[in-house]
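Step one of this worksheet: look at the structure below.
Letters A, B, ... mirror the listed sequences (proteins, then strands); counts begin at 1.
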There are 2 protein chains.
Amino acid sequence: MNKPFQSSDGDDLLRDAGLRVTRQRQAIAQVLIEAEDHPNAEQVLARAREHDESVSQATAYRTLSVLSEKGLLHTHTFDKNVMRFELADRPHHDHLIDVETGEIREFVSAEIERLQRKIAKAYGYEIVAHRLELFCRKAAPDETEERQDTADLSES
Amino acid sequence: MNKPFQSSDGDDLLRDAGLRVTRQRQAIAQVLIEAEDHPNAEQVLARAREHDESVSQATAYRTLSVLSEKGLLHTHTFDKNVMRFELADRPHHDHLIDVETGEIREFVSAEIERLQRKIAKAYGYEIVAHRLELFCRKAAPDETEERQDTADLSES
DNA sequence: ATAGTTGCAAAACCTTTGCAAACGG
DNA sequence: CCGTTTGCAAAGGTTTTGCAACTAT
């Protein structure tokens, strides 16, 4: 019984990256798999230490760095100076950031994805990766009620 | 004869931000107006010093910071850790980054903009700012020739 | 056995800040 | 004039690195 795509298993994730499986890296991989948010390095380290106290900052940064380079982890910089991480094995999605609360919602728009590819192609490029972030604020009650808009959202 | 929108004049830019007009800030504003790329703080400082040697790092960062806060400057973080700047008075556009060369092209898609607003609205939000970056690689010659794709590009 | 990995502490890197002197309006 | 702005140098926050000991394979 092998995992189809998502390396929901930490050891697999590490091996996929060509890394040796160590206690410390297992702890980090586990954190990434369990994460439902977009933790930064400091948070990954703190959570990993709950699994294995011995994880050092250096190892956390080194592991996150390799996993990112190998494409197994996606990175974001929602706020100024810190890099945030997210497993790459999840279906692609973009982010909507509530600028008041910092809350991050994920969304997918097949339509936007399509347009992006179209644009890149028009310039003679193919997309390697992309990043779409909407910094938003809760809207005023809204007078024009366009409820059917939701239709575009989840076509992935 | 007043400028309609773009403060193509450095002093105006500074006054729009509620700042006093100093030699150093004039140099920085000039750099931003002349910039055809997306310089980071270090580059802005270096270029500003060509206009006025006395500009210090502190002033560069402080000025860029205020201009950004006042919304006169847009910021990006294409690469990991450095913030890049760009005058906000230009028509909105997104970025296509050539991952091989680092070259940055700008594009506009009214269609994507529209979809973004639609998505935000569906979640009950309104967009304050957004960021769309396509990390691309020059495409292989391409077998299916879709030249008319260019149509979507410049509807702004 | 041995190449890869570790923690530690120091360094590197980008950005911010305290302060007294200098300056703009 | 008086509040703002300056340069300097030091501090801040995040990420990287050199090294000797340790460990997965």
Between [X] ([atom1]) and [N] ([atom2]), how many Å, whole number?
X     : N      : atom1 : atom2 : answer
B/R15 : D/dT5  : CZ    : C1'   : 16 Å
A/Q43 : D/dT15 : CD    : P     : 11 Å
B/D52 : D/dT5  : CG    : P     : 16 Å
A/I28 : D/dT15 : CD1   : P     : 14 Å
B/F78 : C/dC14 : CZ    : P     : 17 Å
A/L45 : D/dT16 : CG    : C1'   : 15 Å
B/Q26 : C/dC23 : CD    : P     : 14 Å
B/L14 : C/dC23 : CG    : P     : 18 Å

Counterpart residues, side chain to side chain donor-acceptor pair (under 3.5 Å), relative to A/D11 (two or more places apart):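 Partners of A/D11 under the side chain to side chain donor-acceptor pair (under 3.5 Å) test: A/Q26.
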
Applying ring-ring contact (aromatic ring centres under 6.0 Å, His included), name anything that partners A/F78, two or more places apart in sequence or on another chain.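 For A/F78 the ring-ring contact (aromatic ring centres under 6.0 Å, His included) partners, ignoring immediate neighbours, are A/H38, A/H76, A/H95.
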
Does B/R105 form a salt bridge (charged side-chain N to carboxylate O under 4.0 Å, His left out) with B/E103? I'd like the steps, not just the answer. CA-CA 7 Å; B/R105 310 181 75 107; B/E103 183 191 0; 3.8 Å; yes

Between B/R25 and D/dT6, is there a side-chain N or O to OP1/OP2 distance below 4.0 Å?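 Answer yes for this pair, as a side-chain N or O of B/R25 is under 4.0 Å from OP1 or OP2.
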
Contact list for DNA chain D against residues 17-24 of chain B - heavy-atom distance below 4.0 Å: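 Only B/L19, B/R20, B/T22, B/Q24 qualify.
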
By salt bridge (charged side-chain N to carboxylate O under 4.0 Å, His left out) - contacts of B/E113 (at least two apart):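 B/E113 satisfies salt bridge (charged side-chain N to carboxylate O under 4.0 Å, His left out) with no other residue.
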
Set of salt bridge (charged side-chain N to carboxylate O under 4.0 Å, His left out) partners for B/D94, sequence neighbours left out: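 B/D94 satisfies salt bridge (charged side-chain N to carboxylate O under 4.0 Å, His left out) with no residue once adjacent residues are dropped.
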
Pairs flagged by side chain to side chain donor-acceptor pair (under 3.5 Å) wherever residues 40-51 of chain A is involved - sequence neighbours left out: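 Every pair satisfying side chain to side chain donor-acceptor pair (under 3.5 Å) with a residue in residues 40-51 of chain A: A/D37-A/R47.
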
Would you tabulate the pairs of protein nitrogen or oxygen atoms and nucleotide nitrogen or oxygen atoms of nucleotides 15-20 of chain C closer than 3.5 angstrom?
from: C/dT15; atom 1: OP1; to: B/M83; atom 2: N; distance (Å): 3.2
from: C/dT15; atom 1: OP2; to: B/Y61; atom 2: OH; distance (Å): 2.6
from: C/dG18; atom 1: O6; to: B/R62; atom 2: NH1; distance (Å): 3.4

Pairing residues for B/R137 by the side chain to side chain contact (heavy atoms under 4.5 Å, CB included) criterion, not counting sequence neighbours: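 Scan of B/R137 (side chain to side chain contact (heavy atoms under 4.5 Å, CB included), adjacent residues dropped) gives A/E126, A/V128, B/V99, B/E100.
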
What heavy-atom pair brings B/E111 and A/L115 nearest, and what distance separates the two atoms?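 In terms of heavy atoms, the two residues are closest at CG-CD1, 3.3 Å.
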
Any pair with a residue in residues 60-73 of chain A that passes salt bridge (Lys or Arg N to Asp or Glu O under 4.0 Å), sequence neighbours left out, goes on the list, sorted by first then second residue, please.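 Non-adjacent pairs meeting salt bridge (Lys or Arg N to Asp or Glu O under 4.0 Å): zero.
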
